[in-house]
2 protein chains.
Amino acid sequence: MNDSGGNAERKRLRRPSQERTSQRDPERTRAAILEAATREFAENGMGGARVDAIAERAGTNKRMLYHYFGDKEQLYLKVLEEAYVGIRTAERALHIGDRSPEEGIGELALFTWRYFLQHPEFLSLLGTENLHRARWLRQSVRLKELHSHLIGELSQVLEQGKKQGVFIETADPLHVYLTIASLGYFYLSNQYTLSTIFGRDLIEPAHLNAWERHIVHVTLASIKR
Amino acid sequence: MNDSGGNAERKRLRRPSQERTSQRDPERTRAAILEAATREFAENGMGGARVDAIAERAGTNKRMLYHYFGDKEQLYLKVLEEAYVGIRTAERALHIGDRSPEEGIGELALFTWRYFLQHPEFLSLLGTENLHRARWLRQSVRLKELHSHLIGELSQVLEQGKKQGVFIETADPLHVYLTIASLGYFYLSNQYTLSTIFGRDLIEPAHLNAWERHIVHVTLASIKR
DNA sequence: CAAGCCGGTAACTAAACAGTTACTTGATGG
DNA sequence: CCATCAAGTAACTGTTTAGTTACCGGCTTG
C-alpha cells in the first residue's frame, strides 16, 4: 500500500495523469469508436458500413471494437440509442410551457428544425433503421420511456391553448409533433434528390431560412382557430 | 429467301408466336429482373442488396442481369428512374386545374399520400438514394424535365386561387408540394421507429385515415387566406 | 440442313468482409 | 522487481460477394 503509493507518486511526477502521452486510454478509445461508428453508419447505412472503416476512423483496430461493443449489430444499436438520447435530452431543456401556447409550439418547431439541421447523422440513422423496419430499435430496452415526456409536455401546451381559445379543439399532440418532424425531416433528408430533380440547391442559406419560417407558419396555421 | 419463307411458315404452324411455351423470352426476363431488383433494392438499400438475390427472385441468374443491365449500379439507376417515371406519369393524369383551386390542391395532396401508401418501394428507393447524396440520380440524363410539369401545373392552380382571393399571396408552388410530400413521406417511411417509440401502430387503418385527413387539412390551412 | 447467334445455365475467381486468435506492451499491486 | 492483468496490435480464417468464363441448346437465316 505504502510502496504502491510511493510508486504512484514517483510515476505521477514523471508523467502527470492529466496530460498523458500514453496511447492507453479505455474511455477515450471507447468514445472514439462510438463517434467513428456514428459517422460510418450515418454515411453508409447498416449494410454499407464497414467494421474496418470504423476502427480506422477511430484510430484503433477491430479487436478493440469487438472488445467494447460485442459485434457490429450491438455497436449499431448503441449508436442509435445515443442519437435518440441526444435529441430527447436537448428537448427537455426547452420548457415549451413557459411562454404562451403559440410561442411554445413555435419554439418546439424551431428547435426541432435546427436540431435536425445540426445533426444530419441523426436523420441518416433514422432512415437506415426504418429501412430495416426498426429491427434493432425494437430490441432496445432503454428507449421505451424516453419519449413520453415530449408528448406529455406538448399535450399540456395544446390544452392550455384550447382553453384560451387560440387553438382548435381537434389539435392532437402526436399529430402536431409529426407535422413538425415531417417538414424538417423530409426537406433535409431528401435534399439531394429534391435539389437534383427541381434544379434548386435546397441547402443554400436563403432557402433554409425560408423553409424554417415555412415550418413555423404551417404548424401554427394548422392548429390556430 | 424462298426457302427461309417456307421454313418460317412451317414453324409458325407448329408453334404460334403468340402462345410460346419456350422459356426463352427476352422481354419477360428483362422485366422480371427489373421488378425483382426494385424489391431487393427497396428492401435492402444499395449496399445491402445482393445481385444473387435479385437473379433468384427474377427466376433467372446473374449472367442475364449483367447481360441486360451492365452492372449493379446501372441496374439500380434504371430501377430508380422507372420509379420516378411511375409517379410523375400517374400525376399527369390528375389534371388538378379542372376543379376549383382548393379542390385541386386537396386532390394533389390525396393523390400523393395514396401513391406513397401504395408504393412503399418508391419511398425506400428515395431514402437509399439520399443516403448516398443522389450519387446515381445525378448521373441520370432522362430525369431533368420529368418534374417540371408538376410544378408548372401546381403554379397555375395557385395563381388562380390567388386571383380568386382564396389563397394567400405568399403561397409558393415548390413549398406547397414539399409540404404535401413531407407529411406523406415522413409518416410512412418512418412508421417503424415512430410506432416503436410512441407505442402506437401507425399503419392501422384508423390512424392512416386520420393522417390522410390531416395532410389535406394542413396543406389547405397553410395557404388559405 | 448447317452455321452461327442469342437466351440461358452453372461453376468459378478474386476481392472484401465480419469476426477470431495469437501475441505484445505497459500499468499496477505485492 | 516480478507477477498479473488489461489495453492494444496484426495477421489470419471461413464466408459472402460482385463479376466472369466456359458451356448448352434452340431458333433464325442463308
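All of these numbers come straight from a predicted model, not from anything done at the bench. Throughout, protein chains are lettered first and strands after them, A, B, ... in sequence-line order, and every chain is numbered starting at 1.
Regarding B:Arg50, its CZ atom lies at a distance of 12 Å from the C1' atom of D:dT15, rounded to whole Å. Rounded to whole angstrom, the span from the NZ atom of A:Lys72 across to the C1' atom of C:dG19 amounts to 12 Å. Atom-to-atom, CG of B:Asp71 to C1' of D:dT20 comes out at 13 Å; the value is rounded to the nearest Å. Taking atom CD on B:Glu27 and atom P on C:dG7, their separation rounds to 10 Å, with Å as the unit. Protein atom CZ of A:Arg30 is 16 Å distant from nucleotide atom P of D:dA6, rounded to whole Å. The interatomic distance linking B:Asn44 (CG) with D:dT17 (P) rounds to 10 Å, in whole Å. Between A:Asp52 atom CG and D:dC12 atom P the separation is 15 Å, expressed in whole Å. D:dG19 atom P lies 15 Å from atom CZ of B:Phe69, rounded to whole Å.
Closest contact between the side chain of B:Tyr68 and the listed nucleotides C:dG19, D:dA18, C:dG7 involves C:dG7. With distances taken from any side-chain atom of A:Met64 to the nucleotides C:dG7, D:dG8, D:dA18, the minimum falls on D:dG8. Nearest to the side chain of B:His67, among D:dG8, C:dG7, D:dG19, sits C:dG7.
Here the options are A:Phe41, A:Tyr185, A:Tyr84, the test is ring pair (Phe, Tyr, Trp, His ring centres under 6.0 Å), and the partner is A:Phe122; only A:Tyr84 passes.
For the pair B:Tyr115 and B:Ala90, the tightest heavy-atom approach, listed with the atom from each and the gap, is CE1-CB, 4.1 Å. Residue B:Glu129 comes nearest to B:Trp136 through the heavy atom pair OE2-N, 3.0 Å, listed as atom of the first residue, atom of the second, then distance. Among all heavy-atom pairs drawn from B:Ala181 and B:Phe116, the shortest one is O-CE2, 3.6 Å.
Within 4.0 Å of B:Ala55, counting heavy atoms only, lies no atom of the nucleic acid at all. Using a 4.0 Å heavy-atom distance criterion, A:Ala53 is classed as making no nucleic acid contact.
For B:Glu212, the salt bridge (Lys or Arg N to Asp or Glu O under 4.0 Å) partners at least two apart in sequence or on another chain are B:Arg114. Not a single side chain to side chain donor-acceptor pair (under 3.5 Å) links A:Thr196 to another residue, sequence neighbours left out.
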Practice task
Report, as a single string ordered 5' to 3', how protein heavy atoms within less than 4.0 Å touch nucleotides 10-15 of chain C: B base, S sugar-phosphate only, - not at all.
Solution key: B-----
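Using a cut-off of 4.0 Å between Lys/Arg side-chain N and Asp/Glu carboxylate O, A:Glu91 and A:Arg88 are scored as salt-bridged.
Taking side-chain N and O atoms only, B:Thr29 has a distance below 4.0 Å to OP1 or OP2 of C:dG8.
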